[in-house]
K.L.:
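Before I ask anything, let me first share the structure, which is written out below as structure tokens.
Whatever order the structure lists them in is the order used to number ligands and atoms, beginning at 1. Keep in mind it's a predicted model, so treat the numbers as computed, not measured.
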Amino acid sequence: MKKVKNILLIITGGIAAYKSLELIRRLKDQGINVTCILTKSGSEFVTPLSVASLSGNHVYSDLFNLTDENKMGHIQLSREADLILVAPATTNTISKMAYGSCDDLASTVLMATNKQVFVVPAMNVRMWHNPATQRNIKILIEDGVKFIGPEKGDMACGEYGLGRMSETEEIINSIIEYDVSLLNQPLKNLTALITAGPTKEQIDPVRFISNESSGKQGYAIAQNLFDMGAKTTLITGPTNIPLPDGPSILKINTAEEMLEASEKILPVDIAVCAAAVSDYRVSDKKKSKIKKVGENISLELSENPDILKRISNRNSNRPKLVVGFAAETENLKNNAATKLLTKGCDWILANDVSSGKVFGNDENQITFISKNKTEKWDKMSKNDVAKKLSINISEYFSS
Ligand code: CTP
């Protein structure tokens with residue numbers, strides 16, 4: 001992981017701009033060099049002198065300033081930074097970013113950059129919820145911009161709700177976790193499909209068959225592949241965790257719906273089947289509630305389609321790399337190696353699910369199996385598993 005050392009901070013014109021002064025100090029405490037652009041409206045709230053004194057660097061404001069352009073042009077400003085942080089970001093700034101306006105130095109730099117941009121919104125709650133703002137945010141997320149916050153709370157205007165700028169500590173935590181080596185987006189020309197979560201097979205209107213899958217591992221994989229530049233679609237069964245930021249999301253319930261959604265988005269370069277698909281569905285789903293009859297009853301189950309197997313064995317549009325999981329309670333290596341062959345996928349990530357070791361937990365212990373390699377990975381967080389898998393995927397496509 002390569003840590004952030006240089007940040008270009010863009011301070012735009014909102015009342016929360018005063019918080020950027022503290023942000024500069026705290027970033028510098030982390031050993032990060034901060035160069036600032038202060039927009040014209042930003043300078044109505046904080047002065048260039050205080051920004052310059054705290055950052056220890058020249059403050060940039062004008063697009064057409066001959067001295068500044070001589071010393072450091074707008075392209076150079078972004079080139080020297082590991083990432084760009086817009087804090088606070090006003091509704092107007094977000095709108096300009098979404099539509100690619102460049103009528104001042106800040107917006108021109110944002111258009112000209114190839115660096116990761118983090119946006120920390122700060123605005124009135126109604127402005128935040130306005131459909132135009134939400135549309136703009138969706139556009140920016142799809143473009144790969146990352147958002148920090150906003151938070152819920154009291155506002156300077158006396159209202160209460162979402163729109164408060166995130167606390168300095170949260171901004172710093174998001175920034176220092178950012179890995180600069182992701183910048184060149186090694187998967188940027190690739191497409192990916194991830195299945196995640198459980199499926200839910202209805203028995204009657206009130207009962208269903210499902211399993212304990214939380215979706216955490218699949219969601220982390222979708223997030224990491226997206227962050228590395230892949231155009232990613234996540235097909236997910238019902239879960240209770242936040243959706244990843246950026247990938248396209250398709251929500252389904254049953255295994256048959258998951259298969260249909262997966263086949264619809266082919267062709268893709270990468271398929272990762274992390275879902276805990278219910279192997280069976282009820283043959284005769286009842287339209288009304290099954291009544292208690294005072295004796296044993298039995299349910300006939302039909303086998304569900306095996307999505308991983310279907311994708312792996314396609315004659316047309318087979319993804320270049322198909323990755324499956326193997327949830328095993330015994331003979332982990334042998335069972336997983338057999339699954340690699342019977343399913344026809346390229347890699348298997350095997351995990352031991354005996355005694356609730358995986359479902360819902362934040363950590364995972366993986367054994368990686370391909371045709372010519374078996375490798376036991378250290379126990380690590382599901383996010384680190386996702387990161388390691390994504391790095392392996394990017395090496396596979398670059399070799
Ligand atoms: N899988 C799938 N569709 C199914 C069943 C499983 O796509 N109907 C995928 C899972 O997403 C996982 C892999 O197949 O990537 C292995 O799942 P697992 O539950 O370990 O194995 P099963 O095939 O269900 O076999 P068994 O339950 O007998 O171990």
K.L.:
Using a strict 4.0 Å cut-off to heavy atoms of Gly324, name the atoms of ligand 1 that fall inside it.
P.N.:
15 (O)

K.L.:
With Thr233, which of Thr195, Ile265, Ile249, Val268 fulfils side-chain contact (heavy atoms from CB on, under 4.5 Å)?
P.N.:
Ile265

K.L.:
Out of Lys188, Lys231, Lys320, which residue meets the salt bridge (Lys or Arg N to Asp or Glu O under 4.0 Å) rule with Asp269?
P.N.:
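Between Asp269 and the candidates, salt bridge (Lys or Arg N to Asp or Glu O under 4.0 Å) is satisfied uniquely by Lys320.
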
K.L.:
If you measure from each non-hydrogen atom of Pro305 to ligand 1, which part falls under 4.0 Å: side chain, backbone, both or neither?
P.N.:
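Backbone only.
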
K.L.:
Any non-hydrogen atom of Lys309 lying under 4.0 Å from ligand 1?
P.N.:
no

K.L.:
What are the two closest heavy atoms between Ala220 and Lys382, and how far apart are they?
P.N.:
CB-O, 3.9 Å

K.L.:
Would you check if Val322 and Leu308 make a side-chain contact, meaning some heavy-atom pair closer than 4.5 Å?
P.N.:
yes

K.L.:
Among all the protein's non-hydrogen atoms, which is closest to atom 3 (N) of ligand 1, and how far away is it?
P.N.:
Ile307 N, 3.0 Å

K.L.:
I need the contact type for Lys339 against ligand 1. Using non-hydrogen atoms and a strict under-4.0 Å cut-off, is it side chain, backbone, both or neither?
P.N.:
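The part of Lys339 near ligand 1 is the side chain, not the backbone.
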
K.L.:
Within the distance-only criterion (no hydrogens, no angle test), does the side chain of Ser20 pair as donor or acceptor with the backbone N or O of Leu23 below 3.5 angstrom?
P.N.:
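No, the answer is negative, given that no donor and acceptor are paired below the 3.5 Å cut-off.
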
K.L.:
Go through ligand 1 atom by atom and flag the ones less than 4.0 Å from a non-hydrogen atom of Ala326.
P.N.:
20 (O)

K.L.:
Would you check the N or O atoms of Asp279, main chain and side chain alike, for any that come under 3.5 Å of an N or O of ligand 1?
P.N.:
yes

K.L.:
I'd like to check which ligand 1 atoms, numbered from 1 as shown, lie under 4.0 Å from a non-hydrogen atom of Ala327.
P.N.:
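So the answer, numbered in order with elements, is 20 (O).
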
K.L.:
Measure from atom 19 (O) of ligand 1 to the protein's non-hydrogen atoms and state whether any distance is below 4.0 Å.
P.N.:
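Neighbour list for atom 19 (O) of ligand 1 is empty of protein heavy atoms (cut-off 4.0 Å).
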
K.L.:
Nearest protein heavy-atom contact for atom 14 (O) of ligand 1: which residue, which atom, what distance?
P.N.:
Lys343 NZ, 3.0 Å

K.L.:
Take atom 28 (O) of ligand 1 and look for protein heavy atoms under 4.0 Å from it; say yes if you find one, no if not.
P.N.:
no

K.L.:
Given Gln30 and Ile176, is the side chain to side chain contact (heavy atoms under 4.5 Å, CB included) satisfied, shown in steps?
P.N.:
CA-CA 9 Å; Gln30 298 284 333; Ile176 58 176; 4.1 Å; yes

K.L.:
Tell me, which protein residue and heavy-atom name are nearest atom 17 (O) of ligand 1, and how many Å apart are they?
P.N.:
Phe325 O, 3.8 Å

K.L.:
How far is atom 4 (C) of ligand 1 from its nearest protein heavy atom, and which residue and atom is that?
P.N.:
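I find the closest protein heavy atom is Val277 CB, 3.4 Å.
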
K.L.:
Under 4.0 Å, counting heavy atoms only: does Ala255 come that close to any atom of ligand 1?
P.N.:
no

K.L.:
Ignoring angles and geometry beyond distance, decide whether Ala275 reaches within less than 3.5 Å of ligand 1 through its nitrogen or oxygen atoms.
P.N.:
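Yes.
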
K.L.:
Can you see which heavy atom on Leu234 is nearest to which on Ala196, and at what distance?
P.N.:
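Looking at all heavy atoms of both residues, the shortest contact is CD1-CB, 3.7 Å.
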
K.L.:
Side chain to side chain contact (heavy atoms under 4.5 Å, CB included), that's the test. Do Leu27 and Thr168 meet it? Break it down for me.
P.N.:
CA-CA 9 Å; Leu27 286 168; Thr168 306; over 6 Å; no

K.L.:
Show the atoms of ligand 1 that are less than 4.0 angstrom away from any heavy atom in Cys273.
P.N.:
11 (O), 12 (C), 15 (O)

K.L.:
Write out the residue and atom name of the closest protein heavy atom to atom 9 (C) of ligand 1, then the distance separating them to 0.1 Å.
P.N.:
Leu308 CB, 3.7 Å

K.L.:
Do we see a donor-acceptor contact under 3.5 Å between the side chains of Asn124 and Glu159?
P.N.:
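The answer is yes; a qualifying pair exists.
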
K.L.:
Answer yes if the side chains of Ser50 and Thr47 hold a donor-acceptor pair under 3.5 Å, and no otherwise.
P.N.:
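Note: Ser50 and Thr47 side chains meet the donor-acceptor criterion.
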
K.L.:
Given Asp204 and Lys287, is the salt bridge (charged side-chain N to carboxylate O under 4.0 Å, His left out) satisfied, shown in steps?
P.N.:
CA-CA 6 Å; Asp204 68 13; Lys287 288 209 167 61; over 6 Å; no

